[in-house]
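Lettering of chains follows the sequences in order, A, B, ..., and the numbering in each one begins at 1. Just so you know, these numbers come straight off a predicted model, no measurement behind them.
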Number of protein chains: 2
Amino acid sequence: MRVTIVEVGPRDGLQNEATILEPAVRAELCDRLAAAGLSRIEAASFVNPKRVPQMAGAEEVLAATQRRPGTTYAGLVLNERGYERAVAAGVDEIHYAFPVTDTFALRNQNATVADSVALAGRLVARAREDGLRISVTLSVAFGCPFEGRVEPERVLQIAEQVQAAGPDEIILADTIGVGVPRQVRELVEGTRALGATVGCHFHNTRNTGIANALAAVESGAMILDASVGGTGGCPFAPRATGNIATEDLVYLLHGMGYETGVDLQALIACAEWLAERLGRELPGQVYRAGGFAPVAG
Amino acid sequence: MRVTIVEVGPRDGLQNEATILEPAVRAELCDRLAAAGLSRIEAASFVNPKRVPQMAGAEEVLAATQRRPGTTYAGLVLNERGYERAVAAGVDEIHYAFPVTDTFALRNQNATVADSVALAGRLVARAREDGLRISVTLSVAFGCPFEGRVEPERVLQIAEQVQAAGPDEIILADTIGVGVPRQVRELVEGTRALGATVGCHFHNTRNTGIANALAAVESGAMILDASVGGTGGCPFAPRATGNIATEDLVYLLHGMGYETGVDLQALIACAEWLAERLGRELPGQVYRAGGFAPVAG
């Protein structure tokens, strides 16, 4: 069985790093990831560069990337202005993300959840007109740093509203890394029951990320976000660590008999390259320990 | 449902640390762990201190520990001489471990697998006579650094021979951290089918440790080894990282609705205390990120 990995390292992975990488280096990262077999790459964030200086030069990243045939390049957008920039920059795919709690939504995007759902509808409609794929991510779906526990019923209610707009997929995100597989199974199954194609986005902050990823695919999620080397974090949770590491995820999935299309050794080399660029050891485990051929294939 | 955690931090956790802790400090670690609710503690290793200087003074550790009522204190032994030392030191429980591949067994203990199975029989018989609990651990059951992939049939064959001797439990150990949940499910179910009470011992070297732990309990394993802070490693695999962190495991298990008897906040404090003693940040994630009350309970 096939699981599609969406590589978010160039965006979610780098947006909280102390070391700012130039657009040309981020484009090279995209190229190396594509060469390792990652077929979907979140290449840039079309947000205000004053708010997130790490993501400045999104257009330059897209322009410098060697668009590999068969690979799709996505841009994160948080509003219609960002959408327009992403389209002008030539992305293949739009990623729109919003938090499912009002407290986080107001702090993060100065909008309520209801505003965000309405915006999701407008963005999906525009993407349809423009012939672009679009995914909608529900952030803090497993817990919120301000509101604490998030009830699954509430997430599913929002997912239902989003699904009515008809995005290509809905991504359930554990933005602060508090979720456990029990929640994953419930939310993935509930969202699938709405007729959605479901993906998940996990952070490994409390070491549950890989267990959650497995629970997700075994519950029918077809898509998993991950970042090479396990880079990333959350600006609102200072001690939060990164996304699940793509190479750790690939090691697990291949060991479980899933196909990903990714060359693990090439991906490990990519993590080593990125660690040098960032001047620090990254949280991923497999790039340090090495694969184990008889299991990882 | 209840899952029993065997805290192996004072033994497996510390045996590869660069910083050697005095027996009195190791005894204090045991006391802190017991106070946090860990009811089974692997307190010491009765091996040759010339081979493992970190474990010197096993008798002193046992003597200095405040034996908390209801808590059992175990010692690792690798031969009958060690068994006799452990009994004389007053352990409640014997842990005997041997590798399931001849290459590792010969390098590690200068014995074949057949020799080790025979020794297991003698140790179980002696423990029965002495009225002590005894568990037998099958090391490198998920992969061997020298022989590579280990066939489950081979592990189950050895498990059957061990089970015939009648230990209290059989622990399946992923010594070098290469296993994935598919293997865990197969081996746990196969070993249970032999009539054994089954436990598992995971290292998080490739980030699969927590996913493996969940697979183990969901397949009917009742016992999980873990080390506070995720300390530990393998002398034969220099880049291997530690055992799964006890506090990370407790976070997962509580979130999944299992009972452990452990106070997560007290355990986090214990990990912080140990990190100070060892003078380094430990691999555990939850002690750095903090719990998340609505999930972790």
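- In this structure, chain A has heavy atoms under 4.5 Å from both the backbone and the side chain of Asn204(B).
- Counting non-hydrogen atoms of other residues, nucleotides and ligands closer than 6.0 Å to CZ of Arg192(A) gives a total of 12 or fewer.
- Rounded to the nearest 0.5 angstrom, Phe292(A) CZ and Thr208(B) OG1 are separated by 11.5 Å.
- In terms of heavy-atom pairs under 4.5 Å with chain A, the best-connected choice from Pro181(B), Gly284(B), Gly209(B) is Pro181(B).
- Remark: Asn207(B) CG to Ile244(A) CD1 distance equals 9.0 Å, nearest 0.5 Å.
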If you apply the rule salt bridge (charged side-chain N to carboxylate O under 4.0 Å, His left out), what do you find for Arg182(A) with Glu218(B), and how did you get there?
CA-CA 12 Å; Arg182(A) 183 179 49 76; Glu218(B) 292 189 341; over 6 Å; no

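- Gly255(A) and Val180(B) get closest at one heavy-atom pair: O-CG2, 3.6 Å.
- Side chain of Arg206(B) to main chain of Leu252(A): no donor-acceptor pair is present (N/O by atom type, distance under 3.5 Å, no hydrogens or angles).
- Between the Tyr251(B) side chain and the Val178(A) main chain, a donor and an acceptor come within less than 3.5 Å of each other.
- Between chain B and the residues Gly177(A), Ala211(A), Gly143(A), the largest count of heavy-atom pairs under 4.5 Å involves Ala211(A).
- Rounded to the nearest 0.5 Å, atoms CG (Leu214(A)) and CG (Asn212(B)) are 9.0 Å apart.
- By the neighbour-count criterion of 12 heavy atoms within 6.0 Å, atom CD of Glu160(A) is sparsely surrounded, having that number or fewer from other residues, nucleotides or ligands.
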